[in-house]
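The structure appears right after this line, and notes come after that.
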Amino acid sequence: MATTEPMVSTPKPTQKTGSSPGSFMLLVFGLLVSSDSLAELDAGIRLGISHTDNLFLSPAGEERADWIFNMSPFIRWSEAKPAYEGLLDYRYDRLAYANYGQNQSWHMLNAMFAGKALEESLRLEVGASRRQVLQRPEDEILPGRAPVSGNLSDLDQWYVEPSFRRTFGGSNTLLLRYRYAESEIGDLGEQPTQTAQSSQSQNAQFSFDNYASGEGLTWALRYTYNRVDYDNESFLPFEYHNAGAQLGFWAGTNLRFFAGAGKESPWDDPVNRTPEDPFWEAGFAYQAGDKINVEAAAGERSFGESLRASVAYNFRRGSTSLSYSEAPVVAGFNRQRGRIPLNPTDPDDFLTNPARAERFVSNRFDWDLTLQGRRTEFRLAIFLEQRTGQFAADGTPIPDAEQRSTNARFSWELGRRTSLDINGTYIERRQNVEQQEDQVLRARVAINYQVGAATTVSLQHQYTQQTPGDFATVREYTANVTSCLLYTSDAADEHRDVVL
């Protein structure tokens, strides 16, 4: 999912055959493993047995219990060198059911490799990923991959991104970047006329500024180009241009004021791609080393008034960050929202259908807080979003929508080998702001015991409840899952948050 920004200062699992988007990345990884340059490698396996009282997330009186057996080998590699850097994070989930007649298999991949030259100014990056997304966000929000719902599908993505960044004269920085990406969704379970199974996106960026001077007057030139094409001919391709200039000045060593103006493509006319609508923005930026970073700006965009602000603060025992933005969004650029995240503590998106490619103005607030004690850690993550001016990819208006999520996690090292994790999530969403909200409550408790240097045993219980409100296709359900899991890994404690 991509945001078109103004100038800124800084069921059944789908079985596929043939090559996947990650094949090239796995080949690159194999070549690196065969050399002596490998820096960090972590590999292991997760084995587990779970019992659920509601395998199909059915309403009260129709629940079906089952035992689930899980095997998940994984591998993680990363390295950064002056000439290259790379990342590979892969996991395979195999779920076998004692009574249900079929098994489930899921592959998760996040891979990247980048070559660098000319003192790291020139960079060529390629990457690929596979993750699972909700086919129909208007249906049940799944508590994990184990429930059999028919509402999960693979999303494959790959990209190539050449870029050039160089500073001239000590303070003038030139940036040129181009990114081409393709994405494809597995079994959609919907009519072809309603969805786009694949899309191709392009993004080009040019900037030239003197922010690195740190004093006196500042200036910047910016240009951005975005385009998305879909395999469904009834979906209008999206193309966007934004070009402008910015002037400002440093008021001391940490504070900078700026104002900019230019022209961009009309937001309310997707057929007109000419940058003819004027925009302006004014604001300030403040940074004091790594401790605090503040930026805020307000202005007028093609879609109306705009406001953005962000604050990041690091302190001795933790950190916090807040952000608010009003910006147009096109779902086709990075079709990853609505996923089942590998880390369940991350807030996510529970409204976007990755195959329908909506366009909307997002008014979103995010707050993240982390507090660290000697043997404890607490994290709070909150987001609130309102979506206005929504249109489907074929130009059909969509009612305004809103969603919000609160997630809290508490971790406590009870002893040298024992730890406690408590995690809770509350979600509200409305596909139409005039309707009653759909609500999801999720809570999880885990006791972890480290058997050896690379082995951890975890006892977990998770409770999930969903109340549909006016979501006609959502079933009201409750589900309990109790698990005993064993992790073998050099970093076993990093994998205990991965739920079934």
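Bear in mind that the values here come from a model prediction, so they are computed numbers and not experimental data.
In terms of modelled atom types and a separation under 3.5 Å, the side chain of Arg375 and the main chain of Leu414 share a donor-acceptor contact. Asn314 contributes a side-chain N or O that, together with a main-chain N or O of Asp290, makes up a donor-acceptor pair within less than 3.5 Å. Thr425 contributes no side-chain N or O that, together with a main-chain N or O of Arg442, makes up a donor-acceptor pair within less than 3.5 Å. Within the 3.5 Å criterion, the main-chain N or O of Gly289 finds no donor-acceptor partner in the side chain of Asn254. For the pair Gln132 (side chain) and His107 (backbone), a donor-acceptor distance under 3.5 Å is present. A donor-acceptor pair under 3.5 Å is absent between the side-chain atoms of Ser362 and the main chain of Arg387, judged by distance alone.
Scanning for side-chain hydrogen bond (donor to acceptor under 3.5 Å, both in side chains) contacts around Tyr313 gives an empty result, with sequence neighbours left out. Residues meeting the ring pair (Phe, Tyr, Trp, His ring centres under 6.0 Å) test with Trp250, sequence neighbours left out: none. Legend: residues meeting ring pair (Phe, Tyr, Trp, His ring centres under 6.0 Å) with Phe164, ordered by chain and number and at least two apart, are absent. Partners of Leu322 under the side-chain contact (heavy atoms from CB on, under 4.5 Å) rule, at least two apart in sequence or in another chain, are Thr320, Phe365, Trp367. Every residue was checked against the ring pair (Phe, Tyr, Trp, His ring centres under 6.0 Å) condition with Phe284, not counting sequence neighbours, and none meets it. Among residues two or more places apart in sequence or in another chain, the side-chain contact (heavy atoms from CB on, under 4.5 Å) test is passed with Asn363 by Tyr324, Glu326, Val361, Gln386, Thr388. For Asp277, there are no salt bridge (charged side-chain N to carboxylate O under 4.0 Å, His left out) partners at least two apart in sequence or on another chain. Evaluation of the ring pair (Phe, Tyr, Trp, His ring centres under 6.0 Å) rule for Phe257 yields Phe249 as partners, not counting sequence neighbours. For Thr173, the side-chain hydrogen bond (donor to acceptor under 3.5 Å, both in side chains) partners at least two apart in sequence or on another chain are Thr167. With sequence neighbours excluded, the residues forming a side-chain hydrogen bond (donor to acceptor under 3.5 Å, both in side chains) with His241 are Tyr223, Glu239, listed by chain and number. Residues passing the side-chain hydrogen bond (donor to acceptor under 3.5 Å, both in side chains) test with Thr406, sequence neighbours excluded: none.
Side-chain contact of Tyr240 with Glu264: a donor-acceptor pair under 3.5 Å is present, judged by distance alone. With 3.5 Å as the limit, one finds a donor-acceptor pair spanning the side chains of Asp93 and Ser72.
The pair Glu295-Arg308 meets the salt-bridge criterion, since a charged nitrogen lies less than 4.0 angstrom from a carboxylate oxygen. Comment: Asp421 engages Arg409 in a salt bridge, judged by a side-chain N to carboxylate O separation of less than 4.0 angstrom. Between Asp368 and Arg379 there is a salt bridge, since at least one side-chain N of the basic residue sits less than 4.0 Å from a carboxylate O of the acidic one.
Sorted by first and then second residue, the pairs that involve residues 110-120 and meet side chain to side chain donor-acceptor pair (under 3.5 Å), not counting sequence neighbours, are Glu85-Lys116.
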